[in-house]
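Positions are given from 1, in the same order as the sequence printed here. Any value given below was found using the heavy atoms of this structure, including those in side chains, with hydrogens, waters and symmetry copies removed.
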Amino acid sequence: MKDTKTALEKEVTALRAQVNTLTDKQTQLELVIKSTGVGIWDWYVQTGETIFNERWANIIGYTLDELSPVSIQTWLDYAHPDDLVESERLLKEHWAGKSDYYIFESRMKHKDGHWIWVLDTGQVIEWESEGVPKRMIGTHLDITQKRENIEQLNIANTRLKQLSYLDSLLNIPNRRAYQEALEREISRAKRENTPISMLMVDVDHFKRYNDSYGHLEGDKALARVACNIRQALNRGTDLVARYGGEEFVVLLPGTQLEGAIHIAQQIKQQIEDENIEHKGSPHSVLTVSIGVSTAVGNFDNLLQQADMAMYRAKQSGRNCYEIYQDNEPNKQVG
């Protein structure tokens with residue numbers, strides 16, 4: 001009898017120790033959940049019965065009492081309607097064994113009226129039968145700040161990318177932007193068998209201008225030239241970029257030679273009409289020399305041809321444009 005009593009006492013002591021260990025682990029788990037701000041959900045899938053902890057309610061601005069009685073409908077009522085289709089798809093993938101966990105970033109309606117983002121994760125822990133879930137448990141974690149930070153970072157990166165394609169002085173596309181645009185337009189032109197025209201625009205006697213008026217005034221003059229070129233362009237696909245120094249390149253997709261000539265004439269005339277004083281020029285005002293080239297099919301030498309035509313304009317007295325045709329630029333002063 002004494003041995004039996006001793007055995008029972010040992011068993012009771014062991015059970016008490018086990019209970020204490022489990023209690024300690026439960027307390028530890030509750031502390032972890034509380035410190036990490038995790039909402040807990042426990043969903044009996046077939047009946048809709050759902051248990052939430054207090055933090056789950058707090059994430060959307062409520063107490064658990066304010067939401068009671070709760071069920072899966074509680075989640076549906078506060079979930080963003082646009083997220084439900086994707087959530088259901090991911091749940092079904094998990095139930096079909098295609099994923100180990102259900103994980104989804106979704107929006108929930110806060111008590112104050114705004115939408116917050118939660119990281120919703122879960123796993124089936126009991127099955128009715130194969131592919132038919134009985135019970136899932138999971139967590140909600142407020143990731144609104146993280147999403148906002150990512151959004152701000154994306155905006156900053158987009159702005160940074162935009163700036164990397166702009167000439168900081170003239171606020172027009174730079175050479176890098178022009179090169180990427182040219183590649184895109186060449187691909188399109190080859191598919192559609194359409195022409196591309198190009199203008200090379202160079203400010204005449206610009207070194208003399210800087211020497212006479214200073215670099216600050218030179219920068220202002222370049223900005224006015226850039227503005228005039230931009231105003232002469234008619235379509236959103238047309239592009240003016242600073243190619244280097246006082247040189248500008250104008251890309252005219254889908255433009256025949258006649259259209260390119262018309263734009264060259266407008267640019268030349270508008271810059272003359274600006275009447276920017278230039279004591280070092282025989283014309284007494286700031287002028288430009290322009291080279292015009294057009295191609296269909298083979299665009300490999302388009303820029304080189306426009307450049308050659310522009311230098312011919314320089315050699316012909318400046319303040320004019322030249323057309324590259326049949327390997328022989330023809331001077332045009334109109």
Donor-acceptor pair, side chain of T287 and main chain of H283, under 3.5 angstrom: no

Check: N53 side chain, I40 main-chain N or O, donor-acceptor pair, under 3.5 Å: yes

D65 side chain near L67 side chain, heavy-atom distance below 4.5 Å: no

Distance-only donor-acceptor check, side chains D120 and W41, under 3.5 Å: yes

M200 and L303, any side-chain heavy atoms less than 4.5 Å apart: yes

From L64 atom CG to F52 atom CZ, the distance as rounded to the nearest 0.5 Å: 8.5 Å

Heavy-atom check, side chain of H205 versus side chain of H278, under 4.5 Å: yes

Check: W75 and S87 side chains under 4.5 Å, non-hydrogen atoms: yes

Transitive ILVMFWY side-chain link I267 to I172, under 4.5 Å: yes

Between T63 and E54: side-chain donor-acceptor atoms closer than 3.5 Å: no

Nearest-0.5 Å distance, NZ of residue K220 to CZ of residue R224: 10.0 Å

Polar contact flag, side-chain donor to acceptor under 3.5 angstrom, D204-S289: yes

Steps toward side chain to side chain contact (heavy atoms under 4.5 Å, CB included) verdict (Q265, Q269): CA-CA 6 Å; Q265 290 171 335; Q269 191 59 53; over 6 Å; no

Distance in Å, L141 CG paired with L119 CG, rounded so as to fall on 0.5 Å steps: 6.0 Å

Considering all heavy atoms, the nearest V296-P195 contact: CG2-CB, 3.5 Å

Intermediate values then yes/no, side chain to side chain contact (heavy atoms under 4.5 Å, CB included), I51 and V70: CA-CA 7 Å; I51 301 167; V70 296; over 6 Å; no

R318 side, atom CZ; K314 side, atom NZ - distance, nearest 0.5 Å: 5.0 Å

Backbone of N228 reached by a side-chain donor or acceptor of Q270 within 3.5 Å: yes

Residues S197 and T255: side-chain donor-acceptor under 3.5 angstrom: no

Chi angles and distances behind the salt bridge (charged side-chain N to carboxylate O under 4.0 Å, His left out) call for R89, E93: CA-CA 6 Å; R89 184 186 72 80; E93 275 194 359; 2.8 Å; yes

Residue pair L199 / V292, side-chain heavy-atom distance below 4.5 Å: yes

Sidechain-backbone polar pair: Y213 side chain, K279 backbone, donor-acceptor under 3.5 Å: yes

Minimum heavy-atom distance between E322 and A309, given as atom pair plus value: CB-O, 3.2 Å

I137 atom CD1: more than 12 heavy-atom contacts under 6.0 Å: no

Pair L233-V240, side chain to side chain contact (heavy atoms under 4.5 Å, CB included): steps then yes or no: CA-CA 8 Å; L233 304 183; V240 55; 4.1 Å; yes

Minimum side-chain heavy-atom gap Y243-D202 below 4.5 Å: no

Verify same cluster id: L251, F299 (apolar side-chain graph, 4.5 Å): yes

L169 backbone acceptor or donor facing D167 side chain under 3.5 Å: yes

Closest heavy-atom pair and its distance - D42, R135: OD2-NH2, 2.6 Å

Within 45° cone of W115 ring axis and under 6.0 Å: K109 NZ or CZ: yes

Main-chain N/O of G39 paired with R55 side-chain donor or acceptor, under 3.5 Å: no

Under 3.5 Å donor-acceptor, N58 side chain and Y62 backbone: yes

Side-chain donor-acceptor pair present, S71, T50, cut-off under 3.5 Å: no

Distance-only side-chain donor-acceptor flag, Y102 / Q123, under 3.5 Å: no

Straight-line distance of I143 CD1 to I150 CD1, nearest 0.5 Å: 7.5 Å

For K134, salt bridge (charged side-chain N to carboxylate O under 4.0 Å, His left out) partners two or more places apart: E126

Closest contact, heavy atoms only, N210 versus G218: OD1-CA, 3.3 Å

Worked check of salt bridge (charged side-chain N to carboxylate O under 4.0 Å, His left out) between E247 and R242: CA-CA 6 Å; E247 282 189 329; R242 189 179 188 184; over 6 Å; no

K146 vs E105, salt bridge (charged side-chain N to carboxylate O under 4.0 Å, His left out): CA-CA, chis, key distance, verdict: CA-CA 11 Å; K146 169 199 161 188; E105 292 187 7; 3.2 Å; yes

Ring geometry between Y209 and F206 (parallel below 30°, tilted from 30 to 60°, perpendicular above 60°): parallel

Linked, directly or transitively: L76 and I116 (ILVMFWY side chains, under 4.5 Å): yes

Spacing of CZ belonging to R147 relative to CZ belonging to R107, to within rounding of 0.5 Å: 8.0 Å

Connected via hydrophobic side-chain network under 4.5 Å: L286 and L222: yes

Any side-chain heavy-atom pair of W56 and M108 under 4.5 Å: yes

Mutual orientation of the aromatic rings belonging to W43 and W95 [parallel < 30°, tilted 30-60°, perpendicular > 60°]: tilted

Least distance between heavy atoms, Q305 atom then S293 atom: CB-CB, 3.9 Å

Intermediate values then yes/no, salt bridge (charged side-chain N to carboxylate O under 4.0 Å, His left out), R235 and D238: CA-CA 5 Å; R235 305 165 306 170; D238 297 341; 2.6 Å; yes

Criterion side chain to side chain contact (heavy atoms under 4.5 Å, CB included) on V201 and V288, from CA distance to verdict: CA-CA 6 Å; V201 183; V288 293; 3.8 Å; yes

Taking every non-hydrogen atom, the tightest pair across T144 and W117: OG1-N, 3.0 Å

E130 CD: over 12 foreign heavy atoms closer than 6.0 Å: no

Cluster check L239, L170: I/L/V/M/F/W/Y, side chain < 4.5 angstrom: no

D82, CG atom: more than 12 neighbouring heavy atoms under 6.0 Å: yes

Main-chain N/O of N275 paired to D273 side chain as donor or acceptor, under 3.5 Å: no

Q231 atom CD: more than 12 heavy-atom contacts under 6.0 Å: yes

Minimum side-chain heavy-atom gap Y321-I261 below 4.5 Å: yes

